[in-house]
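Here the structure is a predicted model, which is why all the values come from computation and not from measurement. Proteins get letters first, then strands, A, B, ... in listed order; numbering begins at 1 in each. Any value given below was found using the heavy atoms of this structure, including those in side chains, with hydrogens, waters and symmetry copies removed.
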Amino acid sequence: MNNAKIADQFDQLADLLELEGANAFRVRAYRNASRTIEGLSESLASIVEDDPAQLQELQGIGKDLAEKIEAILSTGELRQLEELKAKIPADVVRMLRIPGIGPKKVATLYHDLKITSLELLKHAAEEGKISELKGFGKKTEQIILEGLEQLEQAGVRMYLADAKPFVDAIADQLRKLKSVDQVSVAGSVRRLKETVGDLDMLATADDPTEAMDYLANHPLTENVIARGETKQRVRFQPLSPCMTPDGNRISLEMDLRVVPKESFGAALQYFTGSKEHNIVTRRLAKERDLKLNEYGLFHGEDPKAAATEEEVYEALDLPWIPPELRENRREFIAAENGRIPDLLEVSDIRGDLHMHTTATDGTATIEQMIEGARERGHKYIAITDHSKRVTMANGLDADRLRAHWEEIRKIREHYSDIEVYCGIECDILEDATLDLPDDVLAEADWVIAVLHYGLKQPREQITKRLLTAIENPHVHMLGHLSGRLIGKRPGADVDYETIFQAAADHGVMLELNAHPSRLDLDDIRAAQAKEMGIPIVINTDAHSTAGFDLMQWGVYQARRAGLTKKDVANTRTAKQFLKMLR
DNA sequence: GCCGTTTTCGGCCCGACTGTTTTCAGTCG
C-alpha cells in the first residue's frame with residue numbers, strides 16, 4: 001500500500017462524505033490530509049514501521065487520521081470508505097465531475113429523484129423532471145445534459161509544453177490593447193505545473209470591456225461560458241496537439257480577470273494560486289488582523305499592500321515565494337526559515353548527457369549533434385545511442401558500439417571548445433541483466449541504464465532490475481526511471497525508496513528527462529532525490545538538434561521540485577562533472 | 001477532522017458569478 005493509494009482513499013472518502021452532507025471542514029480535513037500524503041517524500045509504511053507517533057507530526061494529520069492510516073496499512077482498506085461505497089453508487093460520485101454540479105445538487109438528485117446512474121440522470125434531464133425540483137431550473141437541466149457529454153473530458157489535462165506557448169500568445173495580444181495596462185499569465189501555467197487543466201489570465205485596466213470583448217470575439221474562442229463585471233470564462237476550440245495519448249482533442253477553458261492597476265500584485269498573487277497556498281496566505285493575513293483578497297491586503301478599509309506581489313508577501317512577513325513552489329507543501333516553512341531556494345535556471349545547464357544519432361534512431365549525425373550543442377552553448381555532451389535490445393531503433397551490439405565510439409573519438413578531435421563523451425543508453429533486460437557485457441561498458445565514458453521493456457512486471461522484479469544496474473560499477477546514471485508518461489499510460493511500478501537509497505549508497509545519478517510528455521522524475525520524487533543528496537542530471541534525450549531545445553521543460557520541473565544549481569550535476573563544468581562520477 | 005501567544009472549544013480564506021431567487025445557495029477557483 002503506497003502513499004498515493006492511501007491519499008486516494010482519503011479523497012474518495014471526502015467525496016462520499018460531501019454527498020452525505022458531512023461538515024464541510026471535516027471533508028476538507030480529509031482532502032488536506034490527502035494532499036499532505038501526496039507530497040510526502042517518505043512512505044507512510046516506513047514512518048509507521050519506524051514510529052507510528054510520527055504520523056501526528058504531519059501537517060493536517062491528527063489522532064483520528066493517524067489511526068485510519070495505520071488501519072489502511074494493516075488491513076489494506078478503510079472501513080468507513082468501504083461502508084460508504086457500498087451505500088452510495090459509484091455513478092452518483094461520478095456526477096460530481098459534471099461542471100456546475102456539486103455535492104448539494106447531486107445529493108438532491110440522488111435522494112429526491114432516486115437517480116443512481118448516469119443513464120437515469122440523462123433520462124431525467126431529457127424528460128424535464130429535474131427542473132421540477134426546488135432549486136433546479138431549465139438551465140441546470142441543460143448544464144447537466146451538456147456536462148454528461150463532456151464527462152469523458154472532465155479532468156483531462158494538457159501538457160504545459162502545449163498550453164504555455166498558446167497562453168503566452170494570448171497574453172501578448174491582450175497587451176497590445178489600448179485600454180489594457182499590464183497582463184500576466186497566472187494559475188497553473190505560471191506555476192509551471194507539468195500538466196494544466198485550465199488557463200488563467202490576469203489583466204489590469206480601468207475598463208475591462210475591451211479586453212473581455214477581445215477574448216470573447218477571438219477567432220479561437222468557441223463560446224463565452226460566463227461573463228461578469230471583472231471576470232470572464234471562455235471555452236476555446238479544441239486545440240491540436242493535445243495531451244491525451246490516444247489523440248483526443250480537448251477544449252481548453254480560460255478565465256480572464258480584469259482588475260484596477262493598483263491591485264495588480266494582490267490579484268496576481270491570488271490568481272496564481274494554488275488554492276491551498278492562498279488559504280494559508282489568507283490565514284496568515286487574518287492572524288495579523290488583516291484581510292487578503294484579490295484587491296489587496298487590508299487593515300479594515302486601509303490598503304496595506306496591493307501593487308506588487310513582493311509587497312503583499314512582505315506585509316505577511318514572508319519573502320517573495322516563486323510561483324513554482326506555491327503548493328502549500330514546504331514553502332511556508334522554508335520562507336519562515338529564510339530558506340527559499342535560488343531556483344535553477346535554463347542558463348545554468350552546461351551539458352546534455354543523453355542523445356541519439358543516426359547510428360540508432362536519431363535523425364542527425366555525430367557532427368550535427370555536436371554543432372547543435374555548441375550553438376546552444378553546451379560545454380560538454382555525451383552521445384548515448386541505444387543498445388541492441390532496442391531493435392526497433394537499430395540498437396548497437398558490442399562491435400557496432402565500439403566502432404561508433406571510435407568514430408566519435410575521431411570527430412571530437414576537431415573540437416576544442418566542447419567535450420564529447422562516448423556514452424551508451426544500455427537497456428536493463430527483463431531478467432535483470434544488462435544488454436551489454438561489463439568489458440564493453442567499462443570502455444565507456446558515460447553509461448545510462450534504462451528500462452524499455454517488461455514495464456508491466458511486478459514491482460519486485462522491476463525494482464530488482466534497477467538494483468542490478470545500480471550495483472554494476474560501470475553504470476553512472478539511471479535514465480528515464482519509470483518509463484512514466486503523463487496521461488493514461490502508466491509507467492513501471494517501482495519501489496522508489498529502495499532505488500533511491502541504493503542510488504545514494506552507490507553514487508549513481510538520476511535523470512530528469514526533459515521531454516515534456518516523459519518527465520519521468522516528477523517534482524515530488526526529484527525533491528526527495530535532492531533531500532537524499534542524489535545528483536540529478538537534466539537531459540533532453542535529443543533525437544535531432546532541435547531536441548536540445550526541450551531542456552527548459554526539464555528545468556521547469558526541477559524548479560517545481562525546489563532544485564538549485566547545486567542539486568543538478570550538469571550545471572558543473574566538464575571537469576567538475578567528471579569528478580562526480582564514481 | 002484539525003488545531004492552539006485567544007490551547008480542549010470554536011473557529012476553520014475569500015470573492016465572483018449563475019440560476020433560481022425576491023435575498024441567497026451552490027459552485028468554482
Asker: OP1 or OP2 of B:dG15 sitting under 4.0 Å from any side-chain N/O of A:N293?
Answerer: yes
Asker: Please pick, from B:dG1, B:dC13, B:dC14, the nucleotide with the shortest atom-to-atom distance to any side-chain atom of A:K68.
Answerer: B:dG1
Asker: Can you tell me, in whole Å, how much space there is between the C1' of B:dT20 and that of B:dT27?
Answerer: 14 Å
Asker: When you compare the side chain of A:Q557 with that of A:L521, does any pair of heavy atoms fall below 4.5 Å?
Answerer: no
Asker: Could you measure between the two C1' atoms, the one in B:dT23 and the one in B:dT18, and give it in whole Å?
Answerer: 15 Å
Asker: Which nucleotide in the set B:dC17, B:dC14, B:dA16 lies at the smallest distance from any side-chain heavy atom of A:R257?
Answerer: B:dA16
Asker: Mind calculating the distance between CD (A:E287) and P (B:dT7) to the nearest angstrom?
Answerer: 14 Å
Asker: Mapping A:K138 and A:V106 onto DNA chain B by nearest heavy atom, which one lands closer to the 5' end?
Answerer: A:K138
Asker: Run the salt-bridge test on A:R79 and A:E82 with the 4.0 Å N-O cut-off and return the result as yes or no.
Answerer: no
Asker: So what does A:K139 touch, heavy atoms closer than 4.0 Å: a base, only the sugar-phosphate, or nothing?
Answerer: sugar-phosphate
Asker: State which of B:dG29, B:dT20, B:dT27 makes the closest approach to the side chain of A:K104.
Answerer: B:dT27
Asker: B:dG1, B:dC17, B:dC13: which one has an atom nearest the side-chain heavy atoms of A:I279?
Answerer: B:dC13
Asker: Could you check how far CG of A:D198 sits from P of B:dT27, rounded to whole Å?
Answerer: 18 Å
Asker: Side chains of A:Q59 and A:T36: do they bring a donor and an acceptor to under 3.5 Å?
Answerer: no
Asker: In whole Å, I'd like the distance from the CD1 atom of A:I144 to the P atom of B:dT27.
Answerer: 10 Å
Asker: Is the phosphate of B:dC12 approached by A:R282 (side-chain N or O, under 4.0 Å from OP1 or OP2)?
Answerer: no
Asker: Whether A:Y295 contacts B:dA16 is assessed here as follows: a side-chain N or O lying under 4.0 Å from the phosphate OP1 or OP2. Is that the case?
Answerer: yes
Asker: With respect to the side chain of A:R283, which nucleotide from B:dT18, B:dC13, B:dT27 is positioned closest?
Answerer: B:dC13
Asker: Taking B:dC3 as the reference, what is the distance to B:dC13 when you measure between their P atoms (whole Å, please)?
Answerer: 14 Å
Asker: Just to be sure I understand the rule, does A:T230 reach a base, reach only the sugar-phosphate, or reach nothing, if contact means heavy atoms closer than 4.0 Å?
Answerer: sugar-phosphate
Asker: Taking only the side-chain heavy atoms of A:D200 (C-beta and beyond), determine which of B:dG29, B:dC14, B:dC12 contains the nearest atom.
Answerer: B:dG29
Asker: Are side-chain heavy atoms of A:D181 and A:F264 found at a separation under 4.5 Å?
Answerer: no
Asker: A:D11 and A:S34: side-chain donor and acceptor closer than 3.5 Å?
Answerer: yes
Asker: Taking the minimum atom-to-atom distance to the side chain of A:K286, which one of B:dC14, B:dG1, B:dA16 wins?
Answerer: B:dC14
Asker: With both distances under 3.5 Å as the test, what is the Watson-Crick or G-U wobble partner of B:dT8?
Answerer: none
Asker: From the list B:dG1, B:dT27, B:dC17, which nucleotide is the closest neighbour of the side chain of A:P103?
Answerer: B:dT27
Asker: In whole angstrom, give me the gap between the P atoms of B:dT6 and B:dG11.
Answerer: 15 Å
Asker: Atom CG of A:D289 and atom C1' of B:dC13: how far apart are they, to the nearest Å?
Answerer: 15 Å
Asker: On a whole-Å scale, what distance lies between the C1' atoms belonging to B:dT5 and B:dG1?
Answerer: 24 Å
Asker: Taking the P atom of each, how far is B:dC28 from B:dT22, in whole Å?
Answerer: 23 Å
Asker: Taking for each residue the nucleotide of DNA chain B bearing the nearest heavy atom, is the 5' side occupied by A:K63 or by A:G137?
Answerer: A:K63
Asker: Can you spot which of A:E327, A:R329, A:R191, A:E331 makes a side chain to side chain donor-acceptor pair (under 3.5 Å) with A:H277?
Answerer: A:E331
Asker: Does the cation-pi check pass for A:K105 over A:F136, that is, NZ or CZ under 6.0 Å from the six-membered ring centre and within 45° of its axis?
Answerer: yes
Asker: So A:N23, base contact, sugar-phosphate only, or nothing? Heavy-atom distance under 4.0 Å.
Answerer: base
Asker: Counting any heavy atom closer than 4.0 Å, what does A:F271 reach on the DNA or RNA strands: base, sugar-phosphate only, or nothing?
Answerer: nothing
Asker: Would you indicate, yes or no, if B:dG29 has its OP1 or OP2 atom less than 4.0 angstrom from a side-chain nitrogen or oxygen of A:S188?
Answerer: no
Asker: Classify the nucleic acid contact of A:R28 as base, sugar-phosphate or nothing, counting any heavy atom under 4.0 Å across all strands shown.
Answerer: base
Asker: What is the distance, to the nearest angstrom, from the NZ atom on A:K275 to the C1' atom on B:dC12?
Answerer: 13 Å
Asker: Under a 4.5 Å cut-off applied to non-hydrogen side-chain atoms, are A:L215 and A:F236 in contact?
Answerer: yes
Asker: Check the distance between B:dC28's P and A:Y270's OH and give it to me in whole angstrom.
Answerer: 14 Å
Asker: Between B:dA16, B:dT20, B:dG15, which nucleotide gets closest to the side-chain atoms of A:K291?
Answerer: B:dG15
Asker: Considering just the side-chain nitrogens and oxygens of A:K231, establish if one lies under 4.0 Å of OP1 or OP2 belonging to B:dG29.
Answerer: no
Asker: Please report the distance separating the C1' of B:dG15 from the corresponding atom of B:dG10, rounded so that it comes out in whole Å.
Answerer: 24 Å
Asker: Could you tell me the separation between the CZ atom of A:R26 and the C1' atom of B:dC2, rounded to a whole number of Å?
Answerer: 12 Å
Asker: Which whole-number value in Å describes the distance from A:M254 CE to B:dG29 C1'?
Answerer: 15 Å
Asker: Under 4.0 Å between a side-chain N/O of A:S274 and OP1 or OP2 of B:dG29, yes or no?
Answerer: no
